[in-house]
Amino acid sequence: MQGISSVRRRPVAAGSFPPSSRRPGATHEHDACRNSQFHFDLWFYFTLQNWVLDFGRPIAMMVLPLEWFPLNKPSAGDYFHMAYNVITPFILLKLIERSPKTLPRSMVYICIIFFVMGASIHLVGDSVNHRLIFSGYQLHLSVRENPIIKNLKPETLIDSFELLYYYDEYLGHSMWYIPFFLILCIYFSGCFIPCKEEQQRIPMAALLLIGPSSLYYWYLVTEGQIFILFIFTFFALMALVMHQKRKGLLMDSNGRFLFYSFVITLVLIALWVGWLWNDKILRKKYPGVIYVPEPWAFYTLHMSNLHSPKGESI
């Protein structure tokens, strides 16, 4: 009993806090400030692999000789797509791990599963679509209007190619892009911290990446035909910004990087649509109120005659 009493009466060193009296908010605030620093390494790898593995897929097929990748074997673009399907969800998970706030992990995992499944569906459809291009398939025309498709016998084969197009352009893109932007929204919801003077400016490292990142999102939205999904995601980010501002919270450097990338992307899309507004052939392929032409459809229509190799759909 005497030993226990002496332990209870042990004095606390000057300037230190007992474990029970240590302020929990101080540690949490310190961790939040540390985790809110700009994640240059992750954003750099994310931007780089997007450009190389996603945008670079059709370019690799135009540069590399066809003899290296026979039409009955996976192409270079297919291998790029496989690597993208593995690396992208890994980087997204690392971004979620570095969030200063605890985010709904179950929702993140479900999104990752659907993302990989959708990207894999698109991989198969895009691979077959690329081989059709080498046979004369034209991206600026619909499936039934393509010269190599419309005369197929029996006509039920045309239905099969339309099903392939549906898996590639609609189901695959939806299961790929909806989880992708949803994960970015979830991550963005954790990018808010108390107002501080040193957090008002975006870091130079972020400024260096914001251009390539915005240009890739422009390519993703236009080639993937997901403008409606993108604009709703942008509105969701704006709503989060206004809601958190009422609570006295502002975007940290990672949040500013993502938000400003989306703003610049919206400007690039507006310039792209304005440039091709009066293109009658593309207007025929993209009817309706939402007119956002695909870059590779523009390429096969106006620029493919300048190059002997032909591009592929994304």
Side-chain angles (χ1 to χ4, degrees), residues 54-55 57-62 66 69-78 80-82 84-85 117-178 219-230 269 272-273 276-314:
D54 193 14
F55 179 78
R57 286 186 290 123
I59 297 177
M61 294 309 305
M62 290 189 295
L66 181 62
F69 303 95
L71 295 181
N72 62 343
K73 301 293 182 181
S75 66
D78 297 341
F80 277 41
H81 208 319
M82 294 175 194
Y84 175 91
N85 292 0
M117 184 175 180
S120 300
I121 292 175
H122 179 266
L123 164 63
V124 176
D126 187 70
S127 179
V128 176
N129 191 40
H130 165 72
R131 282 140 183 81
L132 291 176
I133 291 175
F134 280 99
S135 301
Y137 188 85
Q138 301 178 34
L139 296 177
H140 60 278
L141 299 176
S142 64
V143 175
R144 290 187 177 270
E145 292 176 343
N146 261 272
I148 67 169
I149 300 292
K150 62 182 181 182
N151 295 324
L152 286 177
K153 299 296 180 181
E155 292 187 0
T156 52
L157 285 175
I158 302 179
D159 295 331
S160 299
F161 280 105
E162 285 190 324
L163 177 63
L164 176 68
Y165 182 84
Y166 173 80
Y167 271 101
D168 181 17
E169 295 294 329
Y170 293 100
L171 184 62
H173 278 177
S174 298
M175 295 183 64
W176 177 2
Y177 295 134
I178 291 177
Y219 172 76
L220 189 71
V221 173
T222 53
E223 189 64 34
Q225 292 294 285
I226 52 171
F227 177 76
I228 295 179
L229 173 61
F230 173 79
I269 294 173
W272 172 256
V273 172
L276 298 175
W277 187 259
N278 295 321
D279 194 304
K280 296 181 180 179
I281 299 179
L282 292 177
R283 273 282 185 179
K284 184 178 180 181
K285 181 178 181 180
Y286 307 100
V289 180
I290 306 298
Y291 171 68
V292 183
E294 298 174 63
W296 282 105
F298 170 81
Y299 172 82
T300 59
L301 176 61
H302 296 293
M303 301 180 65
S304 60
N305 58 337
L306 302 178
H307 306 277
S308 54
K310 296 184 179 181
E312 71 173 319
S313 176
I314 304 305

If you count every heavy atom of other residues, nucleotides or ligands that lies below 6.0 Å from [X] atom [atom1], does the total exceed 12?
| X | atom1 | value |
| --- | --- | --- |
| Ile148 | CD1 | yes |
| Tyr84 | OH | yes |
| Met82 | CE | yes |

In Å, rounded to the nearest 0.5 Å, how long is the span from [atom1] of [X] to [atom2] of [Y]?
| X | Y | atom1 | atom2 | result |
| --- | --- | --- | --- | --- |
| Ser127 | Leu164 | OG | CG | 9.5 Å |
| Ile59 | Phe80 | CD1 | CZ | 9.5 Å |
| Leu132 | Gln138 | CG | CD | 12.5 Å |
| Asn151 | Asn146 | CG | CG | 11.0 Å |
| Arg283 | Trp277 | CZ | CH2 | 4.5 Å |
| Asp168 | Leu123 | CG | CG | 10.0 Å |

Heavy atoms, side chains only, cut-off 4.5 Å: are [X] and [Y] in contact?
| X | Y | value |
| --- | --- | --- |
| Val292 | Tyr286 | no |
| Ser120 | Met117 | no |
| Phe298 | Trp272 | yes |
| Ile269 | Val221 | yes |
| Asp279 | Tyr291 | yes |

Salt-bridge criterion met for Lys150 and Glu145 (N-O under 4.0 Å):
no

With a 4.0 Å cut-off on N to O distance, would you call Arg144 and Asp159 a salt bridge?
yes

Would you please test Asp78 and Arg57 for salt bridge (Lys or Arg N to Asp or Glu O under 4.0 Å) and show each step?
CA-CA 8 Å; Asp78 297 341; Arg57 286 186 290 123; over 6 Å; no

Between Leu229 and Ile178, does a side chain to side chain contact (heavy atoms under 4.5 Å, CB included) hold up when you go through it step by step?
CA-CA 7 Å; Leu229 173 61; Ile178 291 177; 3.9 Å; yes

Minimum heavy-atom separation for [X] and [Y], please, with both atom names.
| X | Y | answer |
| --- | --- | --- |
| Met175 | Gly118 | CB-CA, 3.5 Å |
| Pro58 | Tyr219 | CG-OH, 4.4 Å |
| Leu152 | Phe161 | CD1-CE1, 3.5 Å |

Between Trp176 and His81, what is the ring plane arrangement, given parallel below 30°, perpendicular above 60°, and tilted in between?
tilted

Between the side chain of [X] and the main-chain N/O of [Y], is any donor-acceptor distance below 3.5 Å?
| X | Y | result |
| --- | --- | --- |
| Glu162 | Val143 | no |
| His122 | Gly172 | no |
| Ser174 | Tyr170 | yes |
| Gln225 | Thr222 | yes |

Those residues at least two apart in sequence (or on a different chain) that pass ring pair (Phe, Tyr, Trp, His ring centres under 6.0 Å) with Tyr167 are none

Would Phe230 and Tyr177 count as a side chain to side chain contact (heavy atoms under 4.5 Å, CB included) if you check the C-alpha gap in whole Å, the side-chain angles of each, and the deciding distance to 0.1 Å?
CA-CA 9 Å; Phe230 173 79; Tyr177 295 134; over 6 Å; no

